[in-house]
There are 2 protein chains.
Amino acid sequence: MPVNDALARLVARAQPRFRTTAEFVEATLREAILTGAIAPGTPLRQEDLAETFGVSRMPVREALRQLEARALAEFHPHRGAVVAEISATDAADIGAIRMALEPMALRLSLPGLTTDDLAQAEELIAEMDGETDPGRMGELNRRFHMTLYGRAGRPRLLALAEQHLLAADRYLRFQFAALGYQPRSQDEHRALLDACRAGDGATAERLVAEHVGEAAEQLAAFLKDRVAG
Amino acid sequence: MPVNDALARLVARAQPRFRTTAEFVEATLREAILTGAIAPGTPLRQEDLAETFGVSRMPVREALRQLEARALAEFHPHRGAVVAEISATDAADIGAIRMALEPMALRLSLPGLTTDDLAQAEELIAEMDGETDPGRMGELNRRFHMTLYGRAGRPRLLALAEQHLLAADRYLRFQFAALGYQPRSQDEHRALLDACRAGDGATAERLVAEHVGEAAEQLAAFLKDRVAG
DNA sequence: TGCCAGGATATTGTATCCAATCTAACACTG
DNA sequence: CAGTGTTAGATTGGATACAATATCCTGGCA
């Protein structure tokens, strides 16, 4: 029973902080890795991180373990953790996982999609049209996809799908470098949205699979000679 | 450059020990949770676990964080961690994820399957025939599926598939309680193996999706009135 | 009854200490 | 000079003690 609701909202917004220090460190590092702010292969030295975050080593170690479980960091015993490397294999892996999860998410979500959802998806496509910043583009693309999947009513499936959409963002700058990606992708987005509007589940599923698959193939071809693996 | 390959294999087999105490604790707890040795909702008190394992609280906390990242434990700040609850929703979630991942894994693996793989799969089916112990049954079933997916050449996809096969094991005792499951499941296993032998990818994919989907539906119906969510 | 103040209990985080071990550089040896 | 000890330094892995904080419970009080 707060004094009033407006205040309650203010308070709620003022503390979207984290529940524990370890979670704060984990979330911050995760974002830094996914956006590329910390390059693959970078050593994650506990002492340095602790100092950077102004915390002790224990929450840092907890955070690193969580990152390891999410395949964002690799542990080498007595040598420390490093930011997980990117590779053509890894990109193909993420592409295959997305190709599996996202059509399923869309299938379950489609019957529940509201006109509001569809309008929001359309707006996100429009926003993407002019966007040139990879980071912002990744976020918009992710929100577009997750908007379409959001009514699946399968929290775990959705979390997994989002996690791999985020993982794909690590390869976004390569995706941009592979010319001609964006326009085609936008066409595919529109076709996908149309199928969803029409309630055509089979087509929508096929389109999202193709959309993800094409991007993955293009990326794999581009990475082949540029990175290891 | 190992001296020779036989030695390399021996070395690889000789050190599947754990690299650190934290990893030992994590692996042991994970197994205990997945097999049901620790019931859902059980508090995971750091001090108790530390004493049980004969270690300090630090590796225990790292292990708990990893379990959290794998959705096997839930953290309630300042109240501690508990073994993740099971629920009809969660079971449906896992079923949907398996239905998405496993046909994809099979699709990628099928062209690479050897006659040895197929023979091993057949052997596993035979072993399952007489099995009545749920834990052993889960392991055989998991090995059967993973044998078929093993040539996908997508480590991350396979790890994810295996993780959710393991997660499904938490519901195995319910699966057994739902009568008539096993014989039908075995028929499906044989049909799936036949399709793989014939190299009929489309049929194999469909069969594995149906196989997983049917089991999930049956389980959901059974759980509906028996557990929360 | 309702509530709220305060204590018991557990977790969370900090600060130190020490052992294990990996790396790298150097010296030694045949 | 290639290959093999050896040593020193740095970093992680783990233990321990302690402080801070949040939750739950309970008992007094209106």
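Side-chain atoms are counted along with the backbone in the values below, which use heavy atoms only and exclude waters and symmetry mates. Predicted, not measured: the structure shown is a model, and the values here were computed from it. In the text below, chain A, chain B and the rest are named by the order of the sequence lines, each starting its count at 1.
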**Message:** Strictly distance-based, threshold 3.5 Å: is any side-chain N or O of Ser109(B) a donor or acceptor partner for the main-chain N or O of Ala105(B)?
**Reply:** no
**Request:** Calculate the interatomic distance between Leu64(A) atom CG and dT11(D) atom C1'; express it in whole Å.
**Result:** 13 Å
**Request:** Using a strict 4.0 Å threshold on nitrogen-to-oxygen distance, state whether Arg170(B) and Glu85(B) make a salt bridge.
**Result:** no
**Asked** What is the distance from CZ of Phe53(B) to C1' of dG13(D), rounded to the nearest Å?
**Response** 17 Å
**Asked** Considering only heavy atoms from C-beta outward, does the side chain of Leu49(A) approach that of Leu64(A) to under 4.5 Å?
**Response** yes
**Message:** Output one letter per nucleotide in nucleotides 14-19 of chain D: B when a protein non-hydrogen atom lies under 4.0 Å from the base, S when only the sugar-phosphate is that close, - when neither is.
**Reply:** BBB---
**Arg107(B) charged N/C atom sitting above Tyr149(B) aromatic ring, 6.0 Å / 45°** = no
**Message:** Tell me every residue that passes ring-ring contact (aromatic ring centres under 6.0 Å, His included) with Phe53(A), counting only those two or more places apart in sequence or in another chain.
**Reply:** Phe24(A)
**Prompt:** Do the charged groups of Arg65(B) and Glu68(B) touch, with an N to O distance under 4.0 Å?
**Reply:** yes
**Complete:** In 5'-to-3' order, the base (B), backbone-only (S) or no-contact (-) status of each nucleotide in nucleotides 19-24 of chain C, using a 4.0 angstrom heavy-atom cut-off, is -BSSS-
**Message:** What is the distance, to the nearest angstrom, from the CG atom on Leu44(A) to the P atom on dA10(D)?
**Reply:** 21 Å
**Request:** Let me know the distance between CD of Glu47(A) and C1' of dT14(C), rounded to the nearest Å.
**Result:** 13 Å
**Prompt:** Using a cut-off of 4.0 Å on non-hydrogen atoms, how would the nucleic acid contact of Phe75(B) be classed: base, sugar-phosphate, or nothing?
**Reply:** sugar-phosphate
**Item:** Lys/Arg N to Asp/Glu carboxylate O, Asp133(B) vs Arg136(B), below 4.0 Å
**Value:** no
**Fill in**
Glu51(A) atom CD is separated from dT11(D) atom C1', nearest whole Å, by 15 Å
**Message:** Does any part of the side chain of Val208(B), heavy atoms only, come nearer than 4.5 Å to the side chain of Met99(B), both counted from C-beta?
**Reply:** no
**Item:** Gln46(B) side chain near dT12(C) phosphate (N/O to OP1/OP2, under 4.0 Å)
**Value:** yes
